[in-house]
Amino acid sequence: MRVLGNKDDDDAAPAASQDTASFLRRLAGPSIMKAGLAKDQTEINRIIAEASKGSKFYENEKRKDKELTERIARIIKARDDVLREADIGTSLAKMEVQRDLSQIIVHVDMDAFYASVELLDDPSLGDKPFAVGHGVISTASYAARKHGVRSGMAEFVARKLCPQLVVVPCHFSRYMELSRQVMDIFRRYDPTMCAAGCDEGYLNITPYCEEYMLSADDCVRGMRETVFRETKLTVSAGIAPNKVLAKICSDRNKPNGQFALDFTPAAVKAFMHDLSIRKIPGVGRVNERLLDSVGIQTCGDIYTHRATLALMDKYFGLHFLLQTYLGIASNVVQPGQREERKSIGAERTFHTISSKEDILRKLEEVAAELNEDLERTGWTGKTVTLKYKLDTYQVFTRAKSFDRWISTKKEDLFATGKELLLPELPLRLRLIGLRVMKLKDLRVDADKPGSIRRFFENAGSSPRKKRRLSVAGQKEPNDPDELQLTQDGYEDAMPGFYEHEDLERDGFDEADHDANLPTSKPTSAATEHTCPVCARTWATDNAGLNAHVDYCLSRGAIREAQQTASGAPGVLKPLTLGAKVGKRKSQYQ
DNA sequence: GCGGATCAC
DNA sequence: TATGGTGATCCGC
């Protein structure tokens, strides 16, 4: 870099040099920025420099400017070193080479599953806004969603949003029964399909389409029609070259629709470019905020801010984000295996208790439940973890490991839990749980994967694939040069208390934030709607309304509803820097 | 190995 | 008045 005042150079007119310009500004003094609009500050600076030239003061200023210039150069070099090290261009090129478009992956997702089953069993629910759950909403009917009712929402909040809401209790055995029926249909199209919870799954329909000379779209349409014909349940589907894309696509034309991505790199990248980062599995509310803090809202922004991300790899996980930017992920579909289970536990929420007797009674109940589950499913383990939640909702865990397989007897589980809990007292508790980890399978002849019995036995578990193609003598799986696109993910989680959010078709996903405001243009079937949360009215369709309601709710409207209801101030959870984005083995590698 | 935190379903 | 249960993974220590 050039610095003003090289001996040979004094009479040159280096006005074009950035460094020179900055030195002239420096020389002009620290108050220059406050000087307001001088008529020609550059000319003034030149005159000042001319007047000072040769003085000790001038030489000292020149030295300090040189040092600053060098300091900046070191910083820039450090940045460039990091970027060179990260070598994003090469990384992207390597990833691109590994892109596999040969497999047709489908994500199938039942529409408002629990609610649809309830409607099936009680047609009188008709078009009424209703929800399934108790205390907390498991699933809202589409009519209820129009009022802003969402899964995971407290029932009292839901009633505030929709006073005429009908809430029916869960009938898990019915859901499991229909889930099994539907999964059996899916398996006709891919025998090794992977159930992901009771209401969704991943299929590889490449062999099926080939055998029956079907397009992917026709195959999936037929599959969805079959499900409806045999169960009267509707299912939405996404068709794409990998699981992450398929999952995002299945949300696109919900309910009772399907969406196929073109199987070309250009189409995939275009699809990703404007997609909200929040749509990426693994990016939840926290990571969304963290990424937003460095200017990333869409997957396209990943590339825009790649330098920042390279510098902050430790916090964000550059590899994961670059894969996301390119729309590259695993396309391996296979059923979850029993031996992949990592832990088994039981926990219960109750009204706040604080007496030692009450607390120990609850602990004992939880120990009894866990004992049942362990014995029924044939597991033991080496580590017992106690979990408790204070009446402030803060959660704590305490663990104890043994050098032997533990007894799964209720009394022994209770004793270990007690040992962990007593030192913590006194406490005001609203939840107690026990979990056993480092499992040992007591059933040597485990049921075959995909069997009905296995499905029910595993209820509540969510085994995830670790490393799929780890064949002895093969390439080291962690070789950074070897992109592991064969890594599996989204293995079958079993039914949770409620199904995940499933929004209606949107036109919201890839829109920017402004598009979530009532000023956004309606797509089709636009009529006058009023947001149940912010009370604004505008012309939109159901999808637009839902998108807006989600936006509203995500901006703290739930808290407001609570305050209105309880008169108590909402509690903002602190933002913490937790696990970095991605690096989820189940998804990418 | 432990505890906190995040995420999915 | 009032907000779930099960399981996985990652990080820092």
Side-chain angles (χ1 to χ4, degrees), chain A residues 109-110 113-114 133-139 150-160 170 172 195-201 247 278 280-290 314-315 317 320 336 340-352 366 369-370 373 382-383 385-387 389 393-403 420 430-431 433-439 458-466 489-502 558-559 561-562 565-568 571 573-587:
Chain A
D109 194 336
M110 308 296 299
F113 182 51
Y114 292 0
H134 179 75
V136 174
I137 302 301
S138 291
T139 308
R150 292 289 184 280
S151 55
M153 186 177 277
E155 188 178 327
F156 78 94
V157 176
R159 289 188 184 284
K160 209 150 184 64
C170 294
F172 289 110
C198 66
D199 74 324
E200 62 183 271
K247 179 162 176 58
R278 184 65 166 83
I280 304 303
V283 178
R285 287 176 307 178
V286 174
N287 286 323
E288 179 186 31
R289 273 198 58 184
L290 293 179
K314 178 167 178 279
Y315 301 107
F320 166 85
E340 288 157 2
R341 184 187 273 238
K342 302 284 191 299
S343 75
I344 183 165
E347 64 189 57
R348 210 51 64 199
T349 294
F350 34 77
H351 292 297
T352 302
V366 167
E369 273 193 58
L370 181 54
D373 289 351
K382 281 191 174 173
T383 301
T385 301
L386 168 79
K387 170 179 173 180
K389 193 190 281 182
Y393 288 84
Q394 290 169 286
V395 175
F396 299 87
T397 58
R398 296 288 178 264
K400 178 176 165 70
S401 289
F402 297 82
D403 52 11
L420 291 165
R430 65 174 351 264
L431 173 145
L434 284 174
R435 179 164 296 274
V436 175
M437 298 182 304
K438 302 198 186 64
L439 296 182
N458 276 350
S461 83
S462 166
R464 277 183 157 84
K465 297 294 296 180
K466 182 139 184 170
Y490 300 110
E491 299 311 328
D492 61 339
M494 300 306 294
F497 184 65
Y498 58 74
E499 62 188 287
H500 67 92
E501 288 287 328
D502 78 10
I558 291 178
R559 217 177 300 130
Q562 267 181 267
S566 65
V571 179
K573 289 186 178 159
L575 172 63
T576 57
L577 208 62
K580 68 178 164 186
V581 175
K583 287 285 178 179
R584 280 181 160 58
K585 284 188 178 152
S586 55
Q587 215 176 120

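A, B, ... follow the sequence lines: proteins, then strands. Residue 1 opens every chain. Quick caveat, the model's predicted, so the values are computed rather than measured.
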Rounded distance in Å - CD1 (A/Ile137) to C1' (C/dA2): 12 Å
Please name the pair of heavy atoms, one in A/Pro281 and one in A/Lys247, separated by the smallest distance, quoted to 0.1 Å. CG-CD, 4.2 Å
With a non-hydrogen cut-off below 4.0 angstrom, is A/Arg398 in contact with a base, only sugar-phosphate, or nothing? sugar-phosphate
Ignoring the backbone of A/Ala154, work out which of C/dT6, B/dC2, C/dT3 is nearest its side chain. C/dT3
Write down the distance between NZ (A/Lys400) and P (B/dG1), rounded to a whole number of angstrom. 13 Å
Does either side chain, that of A/Thr383 or that of A/Lys438, offer a donor lying less than 3.5 Å from an acceptor on the other one? yes
Between atom CZ in A/Phe402 and atom P in B/dG1, what is the gap in whole Å? 13 Å
Out of B/dC7, C/dT3, B/dC2, minimum distance to the side chain of A/Val136 belongs to C/dT3
Length of the NE2-C1' vector between A/His134 and C/dT1, whole Å: 13 Å
C/dT3, C/dG7, B/dT6: which one has an atom nearest the side-chain heavy atoms of A/Ser343? C/dG7
Which atom of A/Arg348 lies closest to which atom of A/Phe350, heavy atoms considered: O-CE2, 3.4 Å
Which residue lies more 5' along DNA chain C, comparing A/Gly345 with A/Lys389 via nearest heavy atoms: A/Lys389
Euclidean distance, atom OH of residue A/Tyr393 to atom C1' of C/dG5 [Å, nearest integer]: 15 Å
Can you tell me the distance, in whole Å, between the CG atom of A/Leu431 and the C1' atom of C/dA2? 16 Å
From the list C/dG5, B/dC9, C/dT3, which nucleotide is the closest neighbour of the side chain of A/Arg348? C/dG5
Select base, sugar-phosphate, or nothing to describe what A/Arg430 touches, counting heavy atoms under 4.0 Å on all strands. sugar-phosphate
Just the rounded figure in Å: distance from P of C/dT3 to CD of A/Glu347. 15 Å
Base, sugar-phosphate, or nothing: which does A/Lys438 touch, judged by heavy atoms less than 4.0 Å apart? sugar-phosphate
With a 4.0 Å limit, can you tell me whether A/Lys387 has a side-chain N or O closer than that to the phosphate oxygens OP1/OP2 of B/dG3? no
Strictly below 4.0 Å: does A/Arg435 bring a side-chain N or O up to OP1 or OP2 of C/dG7? yes
So A/Ile344 and A/Leu439, do their side chains get closer than 4.5 Å, heavy atoms only? yes
note: A/Glu155, atom CD; C/dT3, atom C1'; distance rounded to Å ~ 11 Å
I would like to know whether A/Met437 and A/Thr385 meet side-chain contact (heavy atoms from CB on, under 4.5 Å); could you show each step before the answer? CA-CA 8 Å; A/Met437 298 182 304; A/Thr385 301; 3.1 Å; yes
Side chain of A/Lys342, backbone of A/Glu340: donor and acceptor closer than 3.5 Å? yes
Below 4.0 angstrom from OP1 or OP2 of B/dG1, is there any side-chain N or O of A/Thr383? no
Among the nucleotides C/dA8, B/dG4, C/dT6, whichever has the atom closest to the side chain of A/Thr397 is B/dG4
Under-4.0 Å side-chain N/O to phosphate OP1/OP2 contact, A/Asn287 with B/dT6: no
Quick one: is C/dG5 close enough that its OP1 or OP2 comes under 4.0 Å of any side-chain N or O from A/Thr349? yes
